[in-house]
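What follows is a single structure, written as structure tokens, with notes after it.
Any value given below was found using the heavy atoms of this structure, including those in side chains, with hydrogens, waters and symmetry copies removed. Throughout, residue positions are numbered sequentially from 1 according to the sequence presented.
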Amino acid sequence: MRIGDVAKATGTTPRALRHYEQAGLITSERASNGYRVYGEHTVVRVRNIRHLLAVGLTLDDVRAFLPCLDGDVAGAPPSAQGLRIAADRLAALNDRLAALTETRDRLESALRSAGGPGGLR
């Protein structure tokens with residue numbers, strides 16, 4: 001399959017596919033004309049990558065799932081390692097949310113002090 005075919009079949013872009021390839025998550029071969037050619041299994045792999053990214057994991061996190069990316073990641077029971085990765089990512093997201101909430105609250109307070117509930121206008 002050519003890159004455009006894989007992109008269309010997975011609802012992604014050729015740019016994202018090149019990014020996944022650069023990250024070592026998918027592979028391709030080069031045709032004699034220089035075009036990337038992907039195996040049929042790449043569609044399943046990319047769908048699994050997109051699923052893992054959609055639930056909040058990073059490409060680095062997804063790399064730990066390489067051995068099972070060609071199967072049914074969404075329907076398979078989670079592994080201990082997968083649960084650990086997801087819990088770590090959730091903790092990192094919660095830390096970021098707490099920091100952002102604190103920053104928002106400080107800014108909101110400063111705006112109220114500067115000009116009432118509407119803040120600076």
Side-chain angles (χ1 to χ4, degrees):
M1 298 179 77
R2 291 192 13 200
I3 195 166
D5 299 325
V6 176
K8 184 176 180 180
T10 59
T12 191
T13 64
R15 183 172 184 229
L17 294 172
R18 287 189 293 273
H19 186 65
Y20 300 160
E21 189 168 352
Q22 185 178 17
L25 298 174
I26 62 173
T27 59
S28 68
E29 302 209 3
R30 294 290 183 155
S32 59
N33 59 5
Y35 291 168
R36 286 178 166 88
V37 178
Y38 296 92
E40 294 291 327
H41 72 280
T42 304
V43 170
V44 171
R45 183 171 276 239
V46 170
R47 286 182 181 150
N48 282 325
I49 291 167
R50 291 178 52 82
H51 169 74
L52 293 170
L53 293 173
V55 299
L57 300 182
T58 66
L59 283 181
D60 284 338
D61 296 333
V62 171
R63 201 170 282 112
F65 292 87
L66 275 174
C68 55
L69 286 179
D70 294 326
D72 182 10
V73 169
S79 68
Q81 180 186 17
L83 290 171
R84 202 168 34 257
I85 290 168
D88 289 348
R89 180 60 44 216
L90 181 59
L93 288 170
N94 282 332
D95 290 346
R96 285 179 58 198
L97 283 169
L100 287 170
T101 298
E102 184 179 319
T103 301
R104 184 210 53 212
D105 291 348
R106 283 194 312 266
L107 180 57
E108 190 174 60
S109 176
L111 287 172
R112 266 194 229 110
S113 295
L120 299 174
R121 290 182 190 233

Under-4.0 Å salt bridge between Asp60 and Arg63 = yes
Heavy-atom check, side chain of Arg89 versus side chain of Leu93, under 4.5 Å | yes
Test item: Arg112 and Glu108 side chains (from C-beta on) under 4.5 Å apart, heavy atoms = yes
Shared hydrophobic cluster, Val44 / Val46 (ILVMFWY, side-chain heavy atoms < 4.5 Å) | no
Give a yes or no on whether His41 atom NE2 has more than 12 heavy-atom contacts from other residues, nucleotides or ligands under 6.0 Å away.
-> yes
Assess whether atom CZ of Arg106 is packed by more than 12 heavy atoms of other residues, nucleotides or ligands within 6.0 Å.
-> yes
Ignoring hydrogens and geometry, is there a side-chain-to-backbone donor-acceptor pair from Thr103 to Ala99 under 3.5 Å?
-> yes
Do Val43 and Val37 sit in the same hydrophobic cluster, where Ile, Leu, Val, Met, Phe, Trp and Tyr count as joined when their side-chain heavy atoms come under 4.5 Å apart?
-> no
Compare all side-chain heavy atoms of Asp61 with those of Leu52 and state whether any distance is below 4.5 angstrom.
-> no
Please answer whether the main-chain N or O of Leu17 pairs with a side-chain N or O of Arg36 as donor and acceptor at a distance below 3.5 Å.
-> no
Above 12 or not: heavy atoms from other molecules or residues under 6.0 Å from CZ of Arg96?
-> no
Give the cluster check for Met1 versus Leu25: same hydrophobic cluster or not, with ILVMFWY residues linked at side-chain heavy-atom distances below 4.5 Å.
-> yes
Taking all heavy atoms of Arg45 and all of Leu66, pick out the closest pair and write down the distance.
-> NH1-CD2, 3.3 Å
Are Val55 and Val73 grouped together when hydrophobic residues (ILVMFWY) are joined by side-chain heavy atoms under 4.5 angstrom apart?
-> yes
What about Leu83 and Phe65, same hydrophobic cluster or not, with Ile/Leu/Val/Met/Phe/Trp/Tyr joined at side-chain heavy-atom distances under 4.5 Å?
-> no
